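Have a look at the structure below, then the notes.
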Amino acid sequence: MSQLASTTLSVLDLAPIRQGGSAAETFANSVSLAQQTEQLGFTRFWLAEHHNIEGIASAATSVLIGHIAGNTSTLRVGSGGIMLPNHAPLVIAEQFGTLETLYPGRIDLGLGRAPGSDGMTMRALRRRLDSGGDDFPDQLAELRRYLGTPEPNQRVKAIPGQETHVPIWLLGSSGYSAQLAAHLGLPFAFAAQFAPGYLFEALRLYRDNFRPSEHLDRPYAMVGLPVMAAENDAMAHYLATTAQQKFLNLIRGQRTQSLPPVEQLDWTRMERAQVEQFLGAAIIGGPETVKAGLEDIQARTGADELMINSDFYDHADRLRSYEIVAEVAR
């Protein structure tokens with residue numbers, strides 16, 4: 001049996017808004033995707049916090065998580081991730097304590113340090129501009145207290161939140177969160193869907209420094225991965241130009257709504273190299289190519305779980321991509 005068959009597969013939905021579309025359309029598509037991937041046997045469905053980005057509709061991440069959880073029945077739904085320095089830990093504990101109370105045993109809380117926005121938006125969020133996430137461990141400890149068993153004489157409590165013990169994951173694209181997750185004995189997810197360069201070193205740091213905890217007795221590593229699957233390689237590469245255009249426009253400081261695929265991209269050699277760096281871990285192709293690519297990345301990383309992000313202009317193409325992934329994994 002292929003090692004891929006025993007690897008957990010999950011979904012990262014970046015809630016893309018397409019050109020000519022709307023946030024309402026995005027939310028309907030997210031529900032549709034969640035329902036289909038639940039039927040296909042995917043384990044988790046995560047959404048990420050971003051702000052002031054025209055092409056992403058998941059700013060109110062916990063609200064959207066509740067919407068997805070309410071329209072599914074077995075899928076674990078969570079954040080990939082909540083940017084904790086943007087928030088008071090008590091507020092996040094209350095939000096996710098509420099979600100866990102409404103959907104017991106189905107909520108994950110993935111946490112990151114990045115702002116998920118630009119400097120002006122950070123000001124609007126009331127986040128300190130000089131905050132580089134150095135106080136992240138303290139914020140994390142505070143959040144974990146609110147979700148755990150109350151301490152004697154604890155005066156501030158998350159209600160709901162206390163005693164819910166919502167599973168916490170640390171997310172990152174460098175060694176910082178990898179080492180912190182290892183130190184605390186928490187699961188770790190690496191964001192290779194946009195920053196694959198440090199993948200292997202981060203996984204090594206996580207595994208080498210892991211300390212067993214009440215949560216895990218051994219390391220548990222997830223790898224986020226861009227996968228664009230279609231009926232054949234040529235069609236997949238054509239459809240993947242939607243994702244390539246998004247990163248190209250990000251580099252150029254232009255709008256990042258999903259654009260229709262194109263036969264040829266108008267980019268400089270430098271821009272192409274930058275886009276290919278963002279998408280360095282991408283698996284693009286027909287079923288056989290995708291199967292070989294997934295088996296290769298699983299073998300090279302030893303990932304316990306692969307979280308797939310498939311970015312397409314047409315929702316039907318995105319649904320089909322996840323179908324292909326499920327088919328080749330079986």
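These values consider heavy atoms only, across backbone and side chains, with no hydrogens, waters or symmetry-generated copies. Given the structure is predicted, the values throughout are model-derived calculations rather than measurements.
With V166 as the partner, the side-chain contact (heavy atoms from CB on, under 4.5 Å) test is satisfied by one option alone out of I107, L143, T101, D108: I107. Just one residue in the list Y206, F210, Y220 forms a ring pair (Phe, Tyr, Trp, His ring centres under 6.0 Å) with F188, and that residue is Y206.
Nearest heavy atoms, P137 versus L180: CG-CD2, 4.3 Å. Scanning both residues, S32 and H315, for their nearest heavy atoms gives OG-NE2, 3.0 Å.
For E214 and H165, the side-chain atoms include no donor-acceptor pair closer than 3.5 Å. E305 and T43 share no side-chain donor-acceptor pair at under 3.5 Å. Looking at R252 and Q254, their side chains never bring a donor and an acceptor atom within 3.5 Å of each other. S58 and H50 share no side-chain donor-acceptor pair at under 3.5 Å.
Judged by distance alone, the side chain of Q39 and the main-chain N or O of A34 form no donor-acceptor pair under 3.5 Å. Side chain of T72 to main chain of L75: no donor-acceptor pair is present (N/O by atom type, distance under 3.5 Å, no hydrogens or angles). A distance-only check finds no donor-acceptor pair linking the side chain of T164 to the backbone of E100 [under 3.5 Å]. A donor-acceptor contact shorter than 3.5 Å is absent between the side chain of Q19 and the backbone of S258. Side-chain atoms of R106 come within 3.5 Å of backbone N or O of A69 as a donor-acceptor pair. Between the side chain of T268 and the backbone N or O of E271 there is at least one donor-acceptor pair closer than 3.5 Å. In terms of modelled atom types and a separation under 3.5 Å, the side chain of Q139 and the main chain of P89 share no donor-acceptor contact.
Side-chain heavy atoms closer than 4.5 Å link hydrophobic residues (I, L, V, M, F, W, Y) into clusters, and following such links, possibly through other members, connects V77 to L64. V63 and V91 fall into different hydrophobic clusters, where Ile, Leu, Val, Met, Phe, Trp and Tyr residues are linked whenever their side-chain heavy atoms come under 4.5 Å apart, directly or through other members. The hydrophobic cluster containing V31 also contains L12, counting ILVMFWY residues as joined when their side-chain heavy atoms lie under 4.5 angstrom apart, directly or transitively.
The pair E94-K157 does not count as a salt bridge, with every side-chain nitrogen at least 4.0 angstrom from each carboxylate oxygen. Using a cut-off of 4.0 Å between Lys/Arg side-chain N and Asp/Glu carboxylate O, R204 and E201 are scored as salt-bridged. Using a cut-off of 4.0 Å between Lys/Arg side-chain N and Asp/Glu carboxylate O, D13 and R318 are scored as salt-bridged.
At least one side-chain heavy atom of L170 sits under 4.5 Å from a side-chain heavy atom of L140. Taking 4.5 Å as the limit, some side-chain heavy atom of L294 sits within range of a side-chain heavy atom of V227.
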R320 vs E231, side-chain contact (heavy atoms from CB on, under 4.5 Å): CA-CA, chis, key distance, verdict: CA-CA 9 Å; R320 180 57 185 145; E231 302 308 321; 2.6 Å; yes
What verdict does the salt bridge (Lys or Arg N to Asp or Glu O under 4.0 Å) test give for R218 and D304, after you've listed the backbone C-alpha separation in whole Å, the side-chain angles of each residue and the deciding distance to 0.1 Å? CA-CA 11 Å; R218 55 175 291 275; D304 300 283; 3.3 Å; yes
Please report the C-alpha distance between T149 and E163 in whole Å, then the side-chain angles of each, then the deciding distance to 0.1 Å, and finally whether the side-chain hydrogen bond (donor to acceptor under 3.5 Å, both in side chains) criterion is met. CA-CA 5 Å; T149 301; E163 299 281 13; 3.1 Å; yes
Worked check of side-chain contact (heavy atoms from CB on, under 4.5 Å) between L171 and L111: CA-CA 6 Å; L171 283 53; L111 298 169; 5.8 Å; no
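Residue E276 qualifies as enclosed at atom CD: its count of foreign heavy atoms under 6.0 Å is above 12.
A cation-pi arrangement is absent between R76 and F45, since the terminal nitrogen or guanidinium carbon is not both under 6.0 Å from the aromatic centre and inside a 45° cone about the axis.
Ring geometry for F42 versus Y322: interplanar angle over 60°, hence perpendicular rather than tilted (30 to 60°).
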